[in-house]
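Contents: one structure, followed by commentary.
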2 protein chains.
Amino acid sequence: MKTLKDLFLDSLADIYDAEHRMTDTLPKLAEAASSDDLREAFENHLEETEGHIKKVERVFAAFKEKPRRKTCEATKGLLKEGDEMAEEFEGSAALDAALISAAQKVEHYEIATYGCLATWAGLLGNEDAQAILHEILSEEEAADETLNDIATSESNEEAMNENPMAV
Amino acid sequence: MKTLKDLFLDSLADIYDAEHRMTDTLPKLAEAASSDDLREAFENHLEETEGHIKKVERVFAAFKEKPRRKTCEATKGLLKEGDEMAEEFEGSAALDAALISAAQKVEHYEIATYGCLATWAGLLGNEDAQAILHEILSEEEAADETLNDIATSESNEEAMNENPMAV
């Protein structure tokens, strides 16, 4: 019979895979971005994501487990969709809006997952793991907020200006 | 060349499909749930989701467009994963925790999508559409919060009690 700890470790292996996939994709997103602000946001988030990989390894260690990856189909699918959007909107003023939207979907997948992991670590009585997971969660929420700010400012305004009679 | 309005309408068709898929899945989640609180939360969210379908139709109308569905691969994949988890954790005290986690991933996909849609409706100068999208966004955030509350209370406590030496 599967237990809460099994669920926890499976989800941890899933997000460990997702973070690795993000480190492969963020440089591509940064390269595709047209605005400097957005490129910089993706570059900063790449550094954070590399940090999250180390932190997730510390969570595995807090449970006396070796880090393992389990293919995260959700992130894989979302990133594929993002790739297709980047291609579809190449050269369009709405490109940055499309890239932001793709990145925010992955951010929110991570927010949902780290939220559950932090709750479960607490219920399993592992306060060290819970504290690390809360740290990562806060950084993912801040990254999402940064993308929100950029979405409401330059990149989308450009898209609107290109197409002022859009409605 | 694709515009911000194209991106907006594509995303609207994607979330319109996602909401339909959720109305098919929520009764199954309610049936699978072991705790009364969780079953009730899924039932309430089904009613809200039916309301979201009508609201998204009003957003299409605000853009003088007919409602259309575009297969939402992300929601399709997340719901499939949820199904597999429900099967894997059947009879386990961690079942509700697994169901909550699956539902929260879809909620967060919707939160990311409605957030972008509301921003874009504003940039496209359609305040009526923006107001409706903000309404839906608030309801999705509240639904996620309700699941958080349940996750930290009974369902997971049961899971922990079944396995007090889990760590």
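Letters A, B, ... mirror the listed sequences (proteins, then strands); counts begin at 1.
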Exercise for review: Look up atom NE2 in B:H108 and atom CD in A:E107, then write down how far apart they are to the nearest 0.5 Å.
Suggested key: 12.0 Å

Exercise for review: Could you go through the side chain to side chain contact (heavy atoms under 4.5 Å, CB included) check for B:K105 and A:Y109 one step at a time?
Suggested key: CA-CA 6 Å; B:K105 285 173 183 174; A:Y109 179 84; 3.4 Å; yes

**Study point:** Winner by heavy-atom pair count (cut-off under 4.5 Å) against chain A, out of B:S101, B:A129, B:G115, B:G77
**Key:** B:S101

Check your understanding: CD of A:E84: more than 12 outside heavy atoms within 6.0 angstrom?
Key -> yes

Check your understanding: Hey, what do you get for SG (B:C116) to CG (A:N148), rounding to the nearest 0.5 Å?
Key -> 7.5 Å

**Study point:** Crowding at CD, B:E47 (>12 non-hydrogen neighbours, <6.0 Å)
**Key:** no

Exercise for review: Side chain from CB out, backbone as N, CA, C, O: work out which of these in A:D144 comes under 4.5 Å of a heavy atom of chain B, or both, or neither.
Suggested key: neither

Revision key, fill the gap. Distance col, row A:T119:OG1 vs B:L147:CG, nearest 0.5 angstrom, shows 11.5 Å

Practice item. Determine the option with the most heavy-atom pairs under 4.5 angstrom with chain B, choosing from A:K64, A:E88, A:Q104, A:E90. Key: A:E88

Exercise for review: Determine whether more than 12 heavy atoms belonging to other residues, nucleotides or ligands lie under 6.0 Å from atom CD of A:E31.
Suggested key: no

Check your understanding: In Å, rounded to the nearest 0.5 Å, how long is the span from NZ of B:K2 to OG of A:S92?
Key -> 9.5 Å

Check your understanding: Should we say atom CD of B:E43 is surrounded by more than 12 heavy atoms from elsewhere, each under 6.0 Å from it?
Key -> yes

**Study point:** Nearest-0.5 Å distance, CH2 of residue A:W120 to OG1 of residue B:T152
**Key:** 13.0 Å

Point to revise | Closest contact, heavy atoms only, A:L4 versus B:A94 | key: N-CB, 3.6 Å

Check your understanding: From A:L95 CG over to B:L7 CG, what is the distance, rounded to the nearest 0.5 angstrom?
Key -> 10.0 Å

